[in-house]
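These numbers were taken from a predicted model, which means no experiment stands behind them. Computation of the quantities below employed the complete heavy-atom set of this structure, encompassing side-chain atoms and omitting hydrogens, waters and symmetry-equivalent molecules.
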Amino acid sequence: MKRELLSSRLISFLAAIAMAAVTPAFSQELNCTVEVNSSSVEGTYKNVFDELQREITEYFNDNKWTDAQFSQTERIECRFFLTIKEYADEKVKGDIQVQLSRPVYNSSYTTTLLNSKDTKVEFDFKEGDMLIRNDNNWDSNLTGLLDFYAYLFLALDFDSFSPRGGQPYLDKAAAVVQMAQSSGEVGWQAFEDTKNRSAVLSSLTDNNTGMIRDMSYAYHRKGLDEMATSPDKGRETITESLKAIGKVYQNSPMSVALSMFRDAKMDELVNIYSKAPQSEREEVFELLSPIFPTDTRRLEKIRKPEEQE
């Protein structure tokens, strides 16, 4: 599978460069759909917000984020929805919904890797501003936000194709967080919020919760990608991989990694286990129900798929 090869070559930039010498056409990595919703804001700022949407779209999709080689059809599908709640004195306040998906091998199905909301969003923007990427210096909170999410998208995608293949991009995201913490901007401080950007990074890098990255590889590459040819074997691998969620909960029951998993995967799990043996459905239910007590109704659909509405 070509994307898996690309992921493995991430560790060795020399191999990626050598590949570039013999492959004629490559593209940027991200194919990000950007939407700026300003319906809550009064005033005649349409041009500003249209320009903001265009600048963010170009920032994600026109920059080259890695040394790996992507063809046009291999670009990573992601979504970035910014809801503006306030705009005054050229300062935007609102929230962001970010989504990330990747194709499942040998099928037309796409699986969600990330579906998360960021409620600590503030940055300055006025008409005529241009967003310029600079990995080495802190330019603005807006470009910092975009850099963080670009690297998070890459890290999660690469992790799903090779064991911890996204490490270089988590390192890049960590550098962004470090610079942001020095800036004093909201949404970045280590103990400011249990679900902010710093917490998201920690959930993927901390030894107590980082096993969720190993789960991602097993769940997606060894599980979902195998289900087209061997449904039972692929599903059994997914069931085994879910034990990592139990370990995360045991080590850090308030970790944002748990809510990120729930928001991305709960509905998918209902479909995965719709044709599983009863014993396997019971095993998954017993594992997840203590971790997600407010999702009992959805989890019951795993245990009793015949009662789905």
Side-chain angles (χ1 to χ4, degrees), residues 97-117 156-157 159-161 163-164 166 194-195 199-200 202-204 206-309:
Q97 187 80 27
V98 288
Q99 298 174 344
L100 173 69
S101 62
R102 71 105 142 152
V104 173
Y105 185 62
N106 231 6
S107 78
S108 60
Y109 179 68
T110 58
T111 181
T112 300
L113 298 177
L114 176 68
N115 182 21
S116 185
K117 191 171 187 177
L156 295 178
D157 181 82
D159 270 358
S160 78
F161 281 102
R164 302 212 174 197
T194 59
K195 295 185 178 182
V200 169
S202 294
S203 73
L204 298 169
D206 189 276
N207 287 335
N208 288 324
T209 54
M211 68 281 296
I212 200 166
R213 296 177 58 199
D214 303 315
M215 185 213 74
S216 179
Y217 172 67
Y219 181 111
H220 295 102
R221 186 67 193 98
K222 298 297 186 180
L224 277 183
D225 283 347
E226 295 296 327
M227 287 191 70
T229 54
S230 182
D232 291 341
K233 181 180 178 182
R235 191 183 59 248
E236 288 171 4
T237 301
I238 291 173
T239 300
E240 182 67 22
S241 77
L242 292 177
K243 293 178 182 179
I245 297 296
K247 293 179 181 178
V248 171
Y249 180 72
Q250 181 180 4
N251 294 340
S252 183
M254 299 301 293
S255 173
V256 68
L258 297 172
S259 59
M260 289 169 65
F261 170 82
R262 178 197 63 208
D263 294 341
K265 293 301 183 185
M266 195 65 75
D267 290 336
E268 180 174 83
L269 290 173
V270 172
N271 293 326
I272 287 174
Y273 290 98
S274 62
K275 297 182 180 180
Q278 185 63 37
S279 59
E280 197 170 356
R281 298 200 300 264
E282 292 284 353
E283 180 182 357
V284 173
F285 177 85
E286 294 297 331
L287 170 66
L288 297 180
S289 57
I291 303 173
F292 305 109
T294 61
D295 289 275
T296 301
R297 186 176 179 182
R298 285 198 287 178
L299 290 170
E300 281 288 352
K301 292 181 180 181
I302 293 176
R303 185 164 66 170
K304 301 175 181 179
E306 66 278 2
E307 297 181 9
Q308 293 185 43
E309 296 178 359

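- The heavy-atom pair separating Thr111 from His220 by the smallest distance is CG2-CD2, 3.8 Å.
- Of the possible donor and acceptor atoms, one in the side chain of Ser255 sits under 3.5 Å from a partner among the backbone N and O of Ala257.
- Cation-pi geometry between Arg102 and Phe161 is met: under 6.0 angstrom from the ring centre, within 45 degrees of the axis.
- The backbone N or O of Ser203 lies less than 3.5 Å from a partner atom in the side chain of Thr209, making a donor-acceptor pair.
- With Tyr273 as the aromatic partner, Arg281 does not meet the cation-pi criteria of under 6.0 angstrom to the ring centre and within 45 degrees of the ring axis.
- Residues Thr194 and Val256 are not in side-chain contact: their nearest non-hydrogen atoms beyond the backbone lie 4.5 Å or more apart.
- When all heavy atoms are compared, the tightest approach of Arg298 to Val270 is O-CG2, 3.6 Å.
- When all heavy atoms of Val200 and Lys195 are compared, the pair lying nearest together is CG2-O, 4.1 Å.
- In plain terms, the two heavy atoms of Met215 and Ala244 that are nearest each other are CB-CB, 3.7 Å.
- Between the Thr296 side chain and the Pro293 main chain, a donor and an acceptor come within less than 3.5 Å of each other.
- Between Phe261 and Phe292, the ring planes are parallel. Angles under 30° get that label, and only those over 60° would be called perpendicular.
- Screening residues 284-294 for salt bridge (Lys or Arg N to Asp or Glu O under 4.0 Å) gives no qualifying pairs among residues at least two apart or on separate chains.
- Counting non-hydrogen atoms of neighbouring residues, nucleotides and ligands closer than 6.0 angstrom, the NZ atom of Lys265 exceeds 12 such neighbours.
- Formation of a donor-acceptor pair under 3.5 Å by the Asn115 side chain with backbone atoms of Ala264 is not found in this model.
- Nearest approach of Ala276 to Arg235, heavy atoms of both residues: CB-NE, 3.2 Å.
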**Message:** Let's go through Phe285 and Glu280 carefully: what are the C-alpha distance in whole Å and the side-chain angles of both, what is the deciding distance for side chain to side chain contact (heavy atoms under 4.5 Å, CB included) to 0.1 Å, and is it a yes or a no?
**Reply:** CA-CA 9 Å; Phe285 177 85; Glu280 197 170 356; over 6 Å; no
**Request:** Decide side chain to side chain contact (heavy atoms under 4.5 Å, CB included) for Thr237 and Glu240; before the verdict, give the C-alpha distance in whole Å, the side-chain angles of both, and the deciding distance to 0.1 Å.
**Result:** CA-CA 5 Å; Thr237 301; Glu240 182 67 22; 5.7 Å; no
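- Between Val104 and Leu224, the closest heavy-atom pair is CG1-O, 3.4 Å.
- Asp263 places no side-chain N or O within 3.5 Å of a backbone atom of Ser116 that could act as its donor or acceptor partner.
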